[in-house]
Amino acid sequence: MVRSTYPDVEIPEVSIHDFLFGDLSDAELDTVALVDGMSGATTTYRQLVGQIDLFAGALAARGVGVGTTVGVLCPNVPAFATVFHGILRAGATATTINSLYTADEIANQLTDAGATWLVTVSPLLPGAQAAAERLGFDADHVIVLDGAEGHPSLPALLGEGRQAPDVSFDPSTHLAVLPYSSGTTGRPKGVMLTHRNLVANVSQCQPVLGVDASDRVLAVLPFFHIYGMTVLLNFALRQRAGLVTMPRFDLPEFLRIIAEHRTSWVFVAPPIAVALAKHPIVDQYDLSAVKVIFSGAAPLDGTLASAVANRLGCIVTQGYGMTETSPAVNLISEARTEIDRSSIGPLVPNTEARLVDPDSGEDVAVPAEGASEPGELWVRGPQVMVGYLNRPDATSEMLDADGWLHTGDVATVTHDGIYRIVDRLKELIKYKGYQVAPAVLEAVLLEHPAIADAAVIGAFDDDGQEVPKAFVVRQPDADLDADAVMAHVASHVAPHEKVRQVEFIDVIPKSSSGKILRKDLRAR
Ligand code: 4UU
């Protein structure tokens, strides 16, 4: 067992709201918390905390509080911060939904999470409305921030002028958020994260990443995903930085916003790093304000990291984590320039890890020099989830009785505590940093009348980025080509879940218990 090389940090026993906003000084209150990257509109910390209180008050007046779960289907706009922290301030739990989801996927998550309210924006209302109807929500339970006929709007709710309620709960057990993750296997599940989990992970980032009040931080990675939620929405605000929001990635807009708002920290997933390294238009923008590009959510290639650092004249660094760990487990401090950027660096404070040989169940030995043999990474710390909502079996498969979370990722470690992810045991696919669950795509494929059997794994595109690939067994005499397979899936799932490669095969390799042998498919 290895403990973080960082000294432990104190984790305050408070709600995430009090941790982030409880001790804002007068000077901090008048600085900029959020900038709408599209319009340039700014929100100060004073305005933000005021709006959070008013939104929490409006929710409380409607009976939303401890025990209520509210769905949040909203792209990155400054009001996301008001809504998210207003829900938590009211004592309710937020289940954040991927804004690319289809109506069915939205409905599935709302149902599974037990949500009774939904907050969205008018461009996403068609999907939100269809989902809300399936659940039988009244129109007044669907809040449309920018307004829509028959629905409460953000200005109307804030305009009620209500005070934030007095709520009391135990931050170490009360659920703050329910983001969804498929974990090691199967369909997306609600990840139960407490206020303490969220407070802990921000506290664990603090001694490692040098974001401060002088920084402008680009928030293009979605706040609904744990990376954007903790590292941008919570950590950057705790550091009193200014968050510049972008609702969706578009390369020219991304570059324009960096140049115009002089953002100093840019958090990305590897495909954005590929664009920064390779795309010709990057040279047309003044990116001189960028000090650090931070990559996470999928493996970062070392050559790619150097190419970005050289082209932009900045530091490139990376972090590793997962929804189930709030998310940060390993981070490379931007200041530790000696650490190889294709590694994930040391464990964050207060975190312990083991590398366990999946065959023998033994811990791998940490050598006196060089790197260890690979083993499955197990982690333990205050950022580890309580479990999956209503899924005791899935929880106990991943989280053992001693508190070790079995990540499903395979890593090596050096004698001085530097980790490197070298493989993945679990079936999860990362496409542009988003989760894609093979089980979901396999079910969609099997609905097609010309498909007898199917399996989905991660393959790689020309840039070395992971993409979902389907192996398909045709029904006898069926006339089905790859385009038809891809079109079928595309019509049933969100854009990031599309199957992007297809291979026809005679039989899907399976174990005697009927489990797909993904290793064998990968080896082909
Ligand atoms: C190789 O993607 C995330 C969390 C991302 C994150 C975490 C801490 C980014 C920055 C940060 O500081 O969560 P999930 O739940 O969507 O996906 C988790 C999985 C991991 O189990 C691993 O397989 O995503 C993969 N992954 C990575 N793989 C995440 N980060 C990395 C990485 N290298 N740096």
Side-chain angles (χ1 to χ4, degrees), residues 96 98 177 179-185 188-191 193 197-198 201-202 204-206 208-209 211 217 219 221-236 265-273 292-302 304-305 316-334 339-348 351 353 376-379 381 383-385 388 398 405-412 418-437 458 464-466 496-497:
T96 51
N98 189 324
V177 292
Y180 271 63
S181 165
S182 60
T184 51
T185 182
K189 297 170 271 290
V191 178
L193 299 179
N197 288 142
L198 299 187
N201 211 232
V202 171
Q204 292 170 300
C205 290
Q206 285 185 309
V208 186
L209 301 181
V211 173
V217 176
L221 298 180
F223 294 143
F224 66 74
H225 182 248
I226 196 68
Y227 182 0
M229 189 189 297
T230 290
V231 182
L232 297 169
L233 190 58
N234 292 344
F235 171 66
W265 279 73
V266 179
F267 288 86
V268 303
I272 300 183
V292 183
I293 302 274
F294 181 103
S295 174
L300 179 70
D301 177 76
L304 173 62
V316 173
T317 192
Q318 85 160 314
Y320 159 83
M322 53 201 301
T323 310
E324 290 81 352
T325 55
S326 305
V329 173
N330 290 71
L331 297 174
I332 312 179
S333 166
E334 75 287 355
I339 299 178
D340 177 5
R341 266 39 182 174
S342 63
S343 80
I344 54 168
L347 296 165
V348 297
T351 303
E376 185 185 9
L377 176 60
W378 292 12
V379 300
Q383 72 273 52
V384 171
M385 68 168 179
Y388 293 116
M398 193 173 214
L405 183 100
H406 303 195
T407 65
D409 291 308
V410 180
T412 62
I418 303 298
Y419 288 78
R420 178 181 299 273
I421 301 293
V422 295
D423 199 2
R424 204 184 282 151
L425 295 172
K426 55 188 168 189
E427 62 191 41
L428 176 68
I429 299 168
K430 287 320 267 307
Y431 176 71
K432 297 197 168 164
Y434 289 109
Q435 289 202 3
V436 179
Q465 301 299 310
E466 196 173 9
H496 64 286
E497 296 171 302

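These numbers were taken from a predicted model, which means no experiment stands behind them. For ligands, and for the atoms within them, numbers begin at 1 and follow the listed sequence.
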Subject >> Heteroatom proximity flag, Ala328 to ligand 1, N/O under 3.5 Å >> reply: no

Subject >> Main-chain N/O of Ser181 paired to Gln435 side chain as donor or acceptor, under 3.5 Å >> reply: no

Subject >> Side-chain heavy atoms of Leu405 within contact of Met385, under 4.5 Å >> reply: yes

Subject >> Contact partition for Met322 relative to ligand 1, non-hydrogen atoms under 4.0 Å >> reply: both

Original post:
Any N/O of Ser181 closer than 3.5 Å to an N/O of ligand 1?
Top reply: no

Original post:
Among protein heavy atoms, which sits nearest to atom 15 (O) of ligand 1, and what does the distance come to when rounded to 0.1 Å?
Top reply: Thr323 OG1, 2.6 Å

**OP:** Please indicate whether any nitrogen or oxygen in Ile421 is less than 3.5 Å from any nitrogen or oxygen in ligand 1.
**Re:** no

**OP:** Look at the aromatic rings of His406 and Trp378 and report parallel, tilted or perpendicular, splitting at 30° and 60°.
**Re:** parallel

Original post:
Should Phe294 be listed as contacting ligand 1, given a heavy-atom distance under 4.0 Å as the test?
Top reply: yes

Original post:
Are side-chain heavy atoms of Pro346 and Ile339 found at a separation under 4.5 Å?
Top reply: yes

Subject >> Side chain, backbone, both or neither: Tyr320 near ligand 1, heavy atoms under 4.0 Å >> reply: both

**OP:** Compare Gly345, Ala297, Gly458 and give the one whose heavy atom is closest to atom 5 (C) of ligand 1.
**Re:** Ala297

**OP:** Going by heavy-atom distance to atom 1 (C) of ligand 1, choose the closest among Pro299, Ser342, Ser182.
**Re:** Pro299

Subject >> Nitrogen or oxygen atoms of His225 and ligand 1 under 3.5 Å apart >> reply: yes

Original post:
For the residue pair Phe224 and Tyr434, does the interplanar ring angle fall in the parallel (under 30°), tilted (30 to 60°) or perpendicular (over 60°) class?
Top reply: parallel

Original post:
Of Leu209, Leu232, Val231, which meets side chain to side chain contact (heavy atoms under 4.5 Å, CB included) against Trp265?
Top reply: Leu209

Original post:
Going by the atom numbers of ligand 1, which of them fall below 4.0 Å from some non-hydrogen atom of Gln435?
Top reply: 14 (P), 15 (O), 16 (O), 17 (O)

Original post:
Looking only at non-hydrogen atoms, which of Ser326, Ala298, Gly408 approaches atom 27 (C) of ligand 1 most closely?
Top reply: Ala298

**OP:** Provide the number and element of each atom of ligand 1 under 4.0 Å from a heavy atom of Lys426.
**Re:** 20 (C), 21 (O), 23 (O)

Original post:
Thr230 and side chain to side chain contact (heavy atoms under 4.5 Å, CB included): which partner among Val177, Leu193, Asn201?
Top reply: Asn201

**OP:** Give yes if a backbone or side-chain nitrogen or oxygen of Lys430 is under 3.5 Å from a nitrogen or oxygen of ligand 1, and no if not.
**Re:** yes

Original post:
Are Leu331 and Cys205 close enough that some pair of their side-chain heavy atoms sits under 4.5 Å apart?
Top reply: yes

Original post:
Do any nitrogen or oxygen atoms of Asp409 come within less than 3.5 Å of a nitrogen or oxygen of ligand 1?
Top reply: yes

Subject >> Short N or O distance, Arg424 and ligand 1, threshold 3.5 Å exclusive >> reply: yes

Subject >> Shortest protein contact, atom 4 (C) of ligand 1 (heavy atom only) >> reply: Gly321 O, 3.3 Å

Original post:
Is there side-chain contact between His225 and Pro179, with heavy atoms separated by less than 4.5 Å?
Top reply: no

Subject >> Side-chain heavy-atom pair Val266, Val292 within 4.5 angstrom cut-off >> reply: no

Original post:
Considering only protein heavy atoms, which is closest to atom 12 (O) of ligand 1, and at what distance to one decimal place?
Top reply: Leu331 CD2, 3.1 Å

Subject >> Validation row: Asp409, Tyr320 side chains within 4.5 angstrom (heavy atoms) >> reply: yes

